[in-house]
Amino acid sequence: MSYTREMFESARNEIENRRVSSEDKAEKRRRDFEKKEPEYAVLRNTMISSVREAVKAINMKPEKAALFIEEQKEKNLSAQRRIKELLIKNNLPSDWLEVHYYCPVCSDTGFVGTKLCSCFTDLLKKKAFDEAGKKSPLKFCRFEDFRLDYYPTEINGEYGCSSRERMEGILAFCKGYADDFDRSSQSILMLGETGLGKTHLSLSIAGEVISRGYNAVYNSAQNIFTELNKEHFGRSDISFSYEAMILDCDLLVIDDLGAEFATQFTNAALYNIINTRINYSLPTIINTNLSLKELEEKYTRRISSRIIGEYAVLDFFGYDIRQIKNEQ
């Protein structure tokens with residue numbers, strides 16, 4: 001995924017602020033500890049001076065230098081032992097006076113050697129997804145707001161159960177899916193007429209996933225294809241790769257698949273999204289008003305077979321909830 005200069009600078013500043021904050025907190029702990037134990041200041045100065053003194057060994061004869069370095073080392077270790085005794089006396093952990101960096105791998109520098117630390121790249125990804133979210137009509141729903149009482153209790157002869165029973169099972173499945181989510185979770189195909197709760201449940205999953213630190217992208221199929229088309233033909237106003245974002249995100253939610261204007265480009269783009277994410281074992285949730293038969297008729301076999309063969313299918317049925325709400 002590519003990033004703008006602004007994203008890079010923003011991430012670099014945030015990493016720097018983390019480092020400064022961690023070091024400031026450590027220095028405050030040291031000052032507070034010194035007030036309780038004035039001896040700590042003397043011991044700390046001893047440790048610092050022993051290191052500085054050891055440098056003088058460079059100008060000494062080898063045999064004398066070795067002895068001198070050993071003396072300075074013992075002074076340093078003795079001071080460290082005494083500091084640990086003072087920490088124990090005050091019921092404090094042994095690392096209380098050390099800097100506790102947000103990222104212990106890079107010590108909040110953002111780099112491991114000459115390479116970007118994973119904390120830096122994770123932060124860049126987050127900023128890219130946050131930027132993308134500004135262009136997505138993403139408004140999270142919650143499982144707690146999903147009302148089963150809108151679904152009838154009459155047994156449906158075709159399905160052998162009531163709409164409410166089916167939705168109780170689907171709701172439980174979606175909650176469990178969100179609770180257990182990781183980047184290798186199975187993809188989901190939500191089928192059913194409009195107004196049955198597909199968008200609500202898929203956004204509830206996305207909200208839970210994001211709250212656990214994963215990144216999720218939600219948009220309608222039409223909007224996704226529009227952005228990809230603009231990017232492909234150089235007309236996009238997005239300053240980073242939208243395609244890379246939807247191919248690499250932890251969870252992609254494609255809403256209202258089948259309502260888009262189908263072209264050769266949209267079919268190729270859809271296949272690339274589905275195939276790439278399957279190959280990388282990345283989960284996708286697709287919502288559609290199409291039946292399985294209509295899905296096979298609308299899209300090429302290589303698209304429909306990959307979806308039907310790889311996705312967990314959740315079949316919604318009942319009455320249009322939005323219409324019921326409007327009539328109340």
Side-chain angles (χ1 to χ4, degrees), residues 133 135-181 185-212 214-224 249-260 270 274 283-299 304 307-308 310-328:
K135 297 188 69 67
S136 298
L138 182 55
K139 182 179 180 182
F140 292 128
C141 300
R142 298 184 302 174
F143 288 120
E144 294 76 18
D145 299 327
F146 192 80
R147 301 221 0 223
L148 289 168
D149 57 312
Y150 282 122
Y151 297 88
T153 57
E154 296 83 8
I155 301 297
N156 182 293
E158 179 183 352
Y159 292 94
C161 64
S162 70
S163 174
R164 187 173 300 182
E165 287 174 326
R166 170 62 59 86
M167 292 313 302
E168 285 176 347
I170 290 178
L171 176 60
F173 176 90
C174 291
K175 285 181 176 179
Y177 183 89
D179 289 340
D180 298 332
F181 180 87
S185 292
Q186 186 177 12
S187 294
I188 299 174
L189 175 64
M190 296 186 178
L191 298 170
E193 297 293 335
T194 186
L196 293 179
K198 301 185 298 296
T199 298
H200 188 124
L201 288 180
S202 60
L203 287 180
S204 296
I205 292 172
E208 289 293 323
V209 163
I210 288 176
S211 71
R212 293 177 51 207
Y214 293 99
N215 52 58
V217 174
Y218 161 86
N219 217 326
S220 68
Q222 182 60 58
N223 286 344
I224 288 174
C249 61
D250 298 327
L251 174 65
L252 174 64
V253 181
I254 304 176
D255 198 25
D256 210 12
L257 182 69
E260 76 282 356
L270 178 60
I274 292 168
T284 304
I285 297 176
I286 294 178
N287 300 332
T288 181
N289 296 341
L290 303 176
S291 65
L292 289 178
K293 182 179 179 181
E294 290 170 332
L295 199 68
E296 291 178 311
E297 292 173 349
K298 183 175 179 66
Y299 298 104
S304 59
I307 295 175
I308 296 171
E310 299 285 346
Y311 287 43
V313 178
L314 302 181
D315 198 353
F316 292 56
F317 71 91
Y319 302 122
D320 189 334
I321 295 172
R322 286 193 286 265
Q323 185 175 343
I324 296 173
K325 289 180 179 179
N326 290 334
E327 291 174 355
Q328 288 181 341

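From a predicted model like this one, the values you see are computed outputs, not experimental measurements.
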Colleague: Just checking, any donor-acceptor pair under 3.5 angstrom between side chains of Ser220 and Asp256?
Modeller: no
Colleague: Over all heavy atoms of both residues, which pair between Arg212 and Asp179 is shortest? Give the atoms and the distance, please.
Modeller: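 Scanning both residues completely, I find the closest heavy atoms to be NH1-O, 3.1 Å.
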Colleague: Judged by atom type as modelled, is there a donor-acceptor pair below 3.5 Å linking the side chain of His200 to the main-chain atoms of Phe143?
Modeller: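 Checking the backbone N and O of Phe143 against the side chain of His200, no donor-acceptor pair under 3.5 Å is found.
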Colleague: Partners of Tyr311 by ring-ring contact (aromatic ring centres under 6.0 Å, His included), sequence neighbours excluded?
Modeller: none
Colleague: Quick one: CD1 on Ile308 to CG on Leu189, what's the gap to the nearest 0.5 Å?
Modeller: 7.5 Å
Colleague: With distance as the sole test, does Arg164 use its side chain to make a donor-acceptor pair with the main-chain N or O of Tyr151 at under 3.5 Å?
Modeller: yes
Colleague: Answer yes or no: is there a side-chain heavy-atom contact under 4.5 Å between Pro283 and Phe181?
Modeller: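 Counting from C-beta outward, Pro283 and Phe181 do come under 4.5 Å.
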Colleague: Check step by step if side-chain contact (heavy atoms from CB on, under 4.5 Å) holds for Tyr299 and Ile307.
Modeller: CA-CA 11 Å; Tyr299 298 104; Ile307 295 175; 5.9 Å; no
Colleague: Quick one: does Tyr177's side chain have a donor or acceptor within less than 3.5 Å of a partner on Gln186's backbone?
Modeller: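 Answer holds: yes.
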Colleague: Whether the side chain of Arg166 engages the backbone of Leu314 through a donor-acceptor N/O pair (distance < 3.5 Å, no angle test) should be reported.
Modeller: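 No; judged by distance alone, with no hydrogens or angles, the pair does not exist.
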Colleague: Let me confirm one number: the CG-CD distance from Asn289 to Glu294, rounded to the nearest 0.5 Å.
Modeller: 9.0 Å
Colleague: If you measure from CD1 on Ile205 to OH on Tyr218, what distance do you get to the nearest 0.5 Å?
Modeller: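 Going from CD1 on Ile205 over to OH on Tyr218, the span is 13.0 Å.
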Colleague: Applying the side chain to side chain contact (heavy atoms under 4.5 Å, CB included) test to Phe317, which of Ser163, Pro152, Ser162 qualifies?
Modeller: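 So the option named by the test is Ser163.
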Colleague: Determine, step by step, whether Leu290 and Leu257 satisfy the side-chain contact (heavy atoms from CB on, under 4.5 Å) criterion, reporting the C-alpha distance in whole Å, the side-chain angles of both residues, the deciding distance to 0.1 Å, and the verdict.
Modeller: CA-CA 8 Å; Leu290 303 176; Leu257 182 69; 5.9 Å; no
Colleague: Strictly distance-based, threshold 3.5 Å: is any side-chain N or O of Glu260 a donor or acceptor partner for the main-chain N or O of Gly258?
Modeller: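 Indeed, once roles are kept as given, a pair shorter than 3.5 Å links the two residues.
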Colleague: Kindly say whether Ile286 contributes a backbone atom to a donor-acceptor pair with the side chain of Lys198 at under 3.5 angstrom?
Modeller: no
Colleague: Pick out which of Asn223, Asn219, Asn287 makes a side-chain hydrogen bond (donor to acceptor under 3.5 Å, both in side chains) with Asp255.
Modeller: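 Only one option passes, and that is Asn287.
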Colleague: Would you compute the distance between atom CD of Glu297 and atom OG of Ser304 and round it to the nearest 0.5 angstrom?
Modeller: 10.0 Å
Colleague: Tell me, with the steps shown, if Ile274 and Thr284 meet side-chain contact (heavy atoms from CB on, under 4.5 Å).
Modeller: CA-CA 8 Å; Ile274 292 168; Thr284 304; over 6 Å; no
Colleague: Just verifying a value: how many Å separate Thr288 OG1 and Glu193 CD, rounded to the nearest 0.5 Å?
Modeller: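 Thr288 OG1 to Glu193 CD: 10.0 Å, rounded to 0.5 Å.
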Colleague: Stepwise, does the side-chain contact (heavy atoms from CB on, under 4.5 Å) test hold for Met167 with Leu196?
Modeller: CA-CA 9 Å; Met167 292 313 302; Leu196 293 179; 6.0 Å; no
Colleague: Rounded at 0.5 Å granularity, tell me how far CD1 in Ile285 sits from OG in Ser202.
Modeller: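 So the CD1 of Ile285 and the OG of Ser202 are separated by 6.0 Å.
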Colleague: Under a 3.5 Å distance rule, please check whether Asn215 uses its side chain to pair with a backbone N or O of Asp250 as donor and acceptor.
Modeller: yes
